[in-house]
Amino acid sequence: MADFNYAFISLVLLLPLALLIFLYLIVRPRSVKIPLKNRHVFITGGSSGIGLALAHQAASEGARVSILARSLKKLEEAKDAIGLSTGIDVAVFAADVRDYDAISKAVDEAGPIDVLVVNQGVFVPQELAEQDMDEVKFMLDVNLLGAFHMIKAALPTMKTRVDRRPASIALMSSQAGQVGVYGYTAYSASKFGLRGLAEALQQEVIGDNIHISLIFPPDTDTPGLVEEEKRRPELTNIIAAGGGRMKAELVAKKALNGIKSGSFIIPCNFEGALLSVATAGLSPQRSCLMAFLEVVTAGIIRIVGLCFQWVWYDSIQKWHAQKKRI
């Protein structure tokens with residue numbers, strides 16, 4: 001009996017250790033550190049919200065910062081604010097990410113980029129049946145096609161940069177880019193698309209020592225969220241009520257830390273971490289410890305996810321039933 005207990009305990013201890021060693025051997029790409037000091041960080045959507053917070057923090061860490069947005073007035077205000085708080089003079093570029101020629105010109109003027117943060121985003125919440133196709137196209141063009149424009153313009157000089165230290169391209173997705181939410185049809189499609197772009201692009205640029213990150217913030221206190229909440233469908237508010245929200249500065253801090261560590265997936269809160277494990281799929285994973293967590297908790301988190309789906313669909317069913325009684 002004692003021999004059986006010893007063998008059982010040894011097996012229980014050895015199996016996780018063996019799995020951890022196996023994952024250490026196979027996780028790719030390998031871990032990396034991406035420095036910011038004295039390097040060029042280029043941020044789109046940098047005049048407000050998360051982008052402005054990222055610019056503040058990158059400048060405070062000694063980076064040479066460029067920000068791009070549509071409004072020159074807002075860019076100048078952002079430049080003044082960053083200068084006052086950090087003493088760093090940032091470069092500003094007014095351009096629409098939907099205009100590839102304008103983006104290419106801005107990138108040429110800015111010079112070679114070491115860390116590109118594709119942060120621009122627009123959101124007009126509404127059920128697809130009620131939404132104008134111009135609004136759908138607007139979200140897809142800014143959020144997804146705009147990301148292609150920015151990366152396409154920046155890649156040539158990133159690939160041939162003189163500074164051969166690790167470089168980064170970070171894409172600002174959303175938790176709505178991990179799970180679809182009522183009223184977010186077009187927005188979720190644009191943000192889900194960034195994942196396919198990121199996974200394929202990482203394979204294409206890993207040989208150039210360029211590392212891709214996907215950032216998944218929740219609702220964040222920004223000017224954009226204020227406008228979004230004016231139009232949110234009632235059911236969207238019901239479903240999103242339990243998700244909470246974060247300050248832009250905290251999202252930027254977590255995002256920048258993830259970029260510096262070369263993380264492919266960067267969650268910003270506990271719910272985001274659960275979603276990241278639940279949706280890991282075939283995405284790259286640099287950390288063998290996170291890979292271990294994904295493997296051993298996949299089944300449990302799938303059950304948690306199904307519970308969330310049950311709550312959401314129950315809310316939708318009750319809402320429709322109530323509307324029919326009115």
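The figures that follow rest on heavy atoms only: side chains count, while hydrogens, waters and symmetry mates do not.
Remark: Arg231 pairs with Gln126, Glu135 by the side chain to side chain donor-acceptor pair (under 3.5 Å) rule, at least two apart or across chains.
Hydrophobic clustering of Ile, Leu, Val, Met, Phe, Trp and Tyr side chains at less than 4.5 Å, counting indirect connections, unites Val142 with Leu116. Note: the hydrophobic cluster containing Leu256 also contains Met246 (ILVMFWY, side chain heavy atoms under 4.5 Å, direct or indirect links). Connection of Leu68 to Ile43 is not established within any shared hydrophobic cluster, with ILVMFWY side chains joined at heavy-atom distances below 4.5 Å, either directly or through further cluster members. Taken together through direct or relayed side-chain contacts under 4.5 Å among Ile, Leu, Val, Met, Phe, Trp and Tyr, Ile34 and Val65 form part of one hydrophobic cluster. By the criterion of side-chain heavy atoms lying less than 4.5 angstrom apart, applied directly or through intervening Ile, Leu, Val, Met, Phe, Trp or Tyr residues, Ile113 is not grouped with Ile215; the two fall into different hydrophobic clusters.
For residues 197-224, the pairs satisfying salt bridge (charged side-chain N to carboxylate O under 4.0 Å, His left out) are Lys159-Asp208, Arg195-Glu199, Asp219-Arg232, Asp221-Arg245, Asp221-Lys247, with sequence neighbours left out.
To the nearest 0.5 Å, atoms CG (Leu23) and CE (Met290) are separated by 12.0 Å. The CD1 atom of Ile82 lies 10.0 Å from the NZ atom of Lys79; values are rounded to the nearest 0.5 Å. To the nearest 0.5 Å, the span separating CD1 on Ile266 from CG on Asn257 amounts to 9.0 Å. Atom CZ in Phe192 sits 9.5 Å away from atom OG in Ser174 (nearest 0.5 Å). Between the CG atom of Asn143 and the CG atom of Leu171 there is a distance of 11.5 Å, given to the nearest 0.5 Å.
Residues Ser85 and His56 have side chains that bring a donor and an acceptor to within less than 3.5 angstrom of each other. Side-chain N/O atoms of Gln175 and Glu271 include no donor and acceptor closer than 3.5 Å. A side-chain N or O of His211 and one of Asn209 form a donor-acceptor pair less than 3.5 Å apart. Under the 3.5 Å distance criterion, with hydrogens and angles disregarded, a donor-acceptor pair is assigned to the side chains of Ser263 and Ser261.
Using a cut-off of 4.0 Å between Lys/Arg side-chain N and Asp/Glu carboxylate O, Asp314 and Lys318 are scored as salt-bridged. Using a 4.0 Å cut-off between a side-chain N of Lys or Arg and a carboxylate O of Asp or Glu, Asp163 and Arg161 do not qualify as a salt bridge. At a threshold of 4.0 Å, the pair Arg39-Glu61 does not count as salt-bridged, since none of the basic side-chain nitrogens sits closer than that to a carboxylate oxygen.
Note on ring orientation: taking the six-membered ring where Trp is involved, the planes of Phe308 and Trp312 are tilted (angle from 30° to 60°).
For Arg302, the CZ atom sits in a loose shell: 12 or fewer heavy atoms of surrounding residues, nucleotides or ligands are nearer than 6.0 Å. No more than 12 heavy atoms of other residues, nucleotides or ligands lie within 6.0 Å of NZ in Lys74, so this atom counts as exposed by the packing criterion.
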Practice task
Walk me through it: do Tyr100 and Phe148 pass the test ring-ring contact (aromatic ring centres under 6.0 Å, His included)?
Solution key: CA-CA 9 Å; Tyr100 179 69; Phe148 275 94; over 10 Å; no
